Structures are given as C-alpha cells and as structure tokens.
Amino acid sequence: MRLPQSIVGLGRWSRTDALVLQGLLGTAFVVQAVIGLVIPLLGVAGALDLDTSREVPVTDVAAPDLPEADGVQLSASGSATLTVDDPSLGQRVLLELPTIVGAVLILLGIYLLFRIARTLCLGDPFAPHNPLRLFGIALLIAVGSVTGTLLQAMTTNQLVAGTPLAHNVPFAVEFSLLPLVVALLVAALAEAFRVGVRLREDSEGLV
C-alpha cells in the first residue's frame, strides 16, 4: 500500500525545520549565557546577591536528640546544607565556579549544534566539519560529566578547609555512567557522519 505524500512528507527534514532548530538553539544559548554566566559573574563581583549555600556530604555527625547510653553513641552520615555567611571574593568564586564552568561547556555544545543546524538549513548535512563538531559535542559531554562533580568536591573542600567542619565534610566525588554512555553514542554518530562525508567525497570524485 502506498502512503499519501502528506504523510511521507512528515518525516522529511525541511529548511523551515532547520530554521526553527536554529532559533531554538539561539534562544537556549542566550538563556544559558544569562543564567549560567552573567548572573553568577555578577554575583562573584558583588553586584548581585548569590546563593551562598550548597548541599554537601557529611559524615561522623552526632545524630540530634539521641543521647548517649552506656557509652554507645549514634552517628549520622548523609548530606547537609553548607552556608557561607558574608562570603569573601575568593569564597564567591568557589561557590560559583562549578556553575560557570558548566555553563561554558554547555554554551560550547550549543554553539556546535547551531553550526550543525546551519548546514542542515543549507541542505548539506554531510558537511566536512560536521563529524568533528559531533566529536566535539561528545567530548564536551564526557568532560562535563567529570569536571562538574569534581569541581563541586574541590570547591567544597576549599570552603571548609581550615575550619572545624573539615572533619565532617569529606572529599566525595560521584560519577554517573549515563553521560559517558551518551557521549559514546554521539561519538558513534560522529563516526557515521565521517563515513558519510567520505562516501560523498568519493562519489563526487567519480563524477
């Protein structure tokens, strides 16, 4: 049975679709730049009040309202809210650094996606630079998944260093495999695009 052209056309990528995608990516870029870069940087400079608290892991903390009994004491491990009252410039940098670095990586990824969307708009999805752009996106995802949690742990460690809290706030880094799996999938897509580019160049060379 032959499908109507109106239904077949639904699966085709048009120039309008590419323009809409570029518009959405451009909007996402601006929003991310404001929320992830401008506002945190203004907070670091002291022009805006920033959030001076974050969730941190804690250990060896005495459980509240549970007294000792015959030398037996309960302790609790989990998370708590670390708050810095009237932070200095250095402390404001430590508080906002994970957000700023994460925003930069996201902006780079959106920029690469925008360049790919531009080639779709021009009707040239197998542009020579698209495989490299996709590999770049895969690398950004992998790096972001590692640096985000690592920076959070490092800056928290610096915030409590030299204080009585240092004993109760361990240096804890937890990595998720999901972003790495996504990065591998994007890298595989990049390899497929690289093969497509090579095949197109070979076919053009035969003409």
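Nothing here was measured: the structure is a model prediction, and the numbers come from that model. In what follows, residues are counted from 1 in the order of the sequence shown.
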Is Y111 linked to V30 within one hydrophobic cluster, defined over Ile, Leu, Val, Met, Phe, Trp and Tyr using a side-chain heavy-atom separation of less than 4.5 Å?
-> no
Counting heavy atoms not belonging to F126, are there more than 12 under 6.0 Å from its CZ?
-> yes
Are the side chain of T149 and the backbone N or O of E174 linked by a donor-acceptor pair below 3.5 Å?
-> yes
Mind running side chain to side chain contact (heavy atoms under 4.5 Å, CB included) on V93 and I100 for me, showing each step along the way?
-> CA-CA 9 Å; V93 171; I100 292 173; over 6 Å; no
Pair F114 + F29: ring centers closer than 6.0 Å | no
Flag side-chain contact, heavy atom, 4.5 Å: T119 against R133 | yes
Looking at V186 and L134, what are the two nearest heavy atoms and their distance?
-> CG1-O, 3.4 Å
Between V197 and P131 the two heavy atoms that sit nearest each other are CG2-CG, 3.9 Å
How long is the gap from CG on L140 to CG on L105, to the nearest 0.5 Å?
-> 6.0 Å
Take F135 and E191, measure what side chain to side chain contact (heavy atoms under 4.5 Å, CB included) needs, and give me the verdict at the end.
-> CA-CA 8 Å; F135 275 121; E191 178 62 18; 4.0 Å; yes
Distance-minimising heavy-atom pair for I110 and L25 | CG2-O, 3.4 Å
Measure the CG-OG1 distance between L21 and T16 for me, rounded to the nearest 0.5 Å.
-> 12.5 Å
Given side chain to side chain contact (heavy atoms under 4.5 Å, CB included), test R115 with H129 step by step and report yes or no.
-> CA-CA 9 Å; R115 295 299 300 271; H129 294 296; over 6 Å; no
Would you sort out whether N168 and T59 count as a side chain to side chain contact (heavy atoms under 4.5 Å, CB included), showing the intermediate values?
-> CA-CA 5 Å; N168 301 116; T59 186; 5.7 Å; no
How many angstroms lie between CG in L95 and CD in Q158, if you round to the nearest 0.5 Å?
-> 12.5 Å
Which value, rounded to the nearest 0.5 Å, describes the distance between I106 atom CD1 and L113 atom CG?
-> 12.0 Å
Is there a chain of hydrophobic side chains (I, L, V, M, F, W, Y, each step under 4.5 Å between heavy atoms) that links L189 to I137?
-> yes
Correct closest heavy-atom pair for L180 and S145 would be CD2-OG, 3.6 Å
Are I39 and V44 co-members of a hydrophobic cluster defined by side-chain heavy atoms under 4.5 Å apart?
-> no
Consider only side-chain heavy atoms of I, L, V, M, F, W and Y, link residues closer than 4.5 Å, and tell whether M154 and L94 are in one cluster.
-> no
Distance only, no hydrogens: is a donor on one side chain within 3.5 Å (strictly under) of an acceptor on the other, for D51 and S53?
-> yes
Is atom CZ of R92 surrounded by more than 12 heavy atoms (other residues, nucleotides or ligands) closer than 6.0 Å?
-> yes
Straight-line distance of E96 CD to L37 CG, nearest 0.5 Å | 11.0 Å
Distance-minimising heavy-atom pair for V173 and A153 = CG2-CB, 3.6 Å
Is there a donor-acceptor contact under 3.5 Å linking the side chains of R54 and T156?
-> yes
Rounded distance [0.5 Å steps], CG in L112 versus CG in N130 = 10.0 Å
Qualifying residue, where the test is side-chain contact (heavy atoms from CB on, under 4.5 Å) with L82 and the options are T52, V160, V58 | V160
Which heavy atom of D86 sits nearest a heavy atom of Q91, and at what distance?
-> O-OE1, 4.3 Å
Indicate, with yes or no, if L178 and L185 share a hydrophobic cluster defined by side-chain heavy-atom contacts under 4.5 Å among Ile, Leu, Val, Met, Phe, Trp and Tyr.
-> no
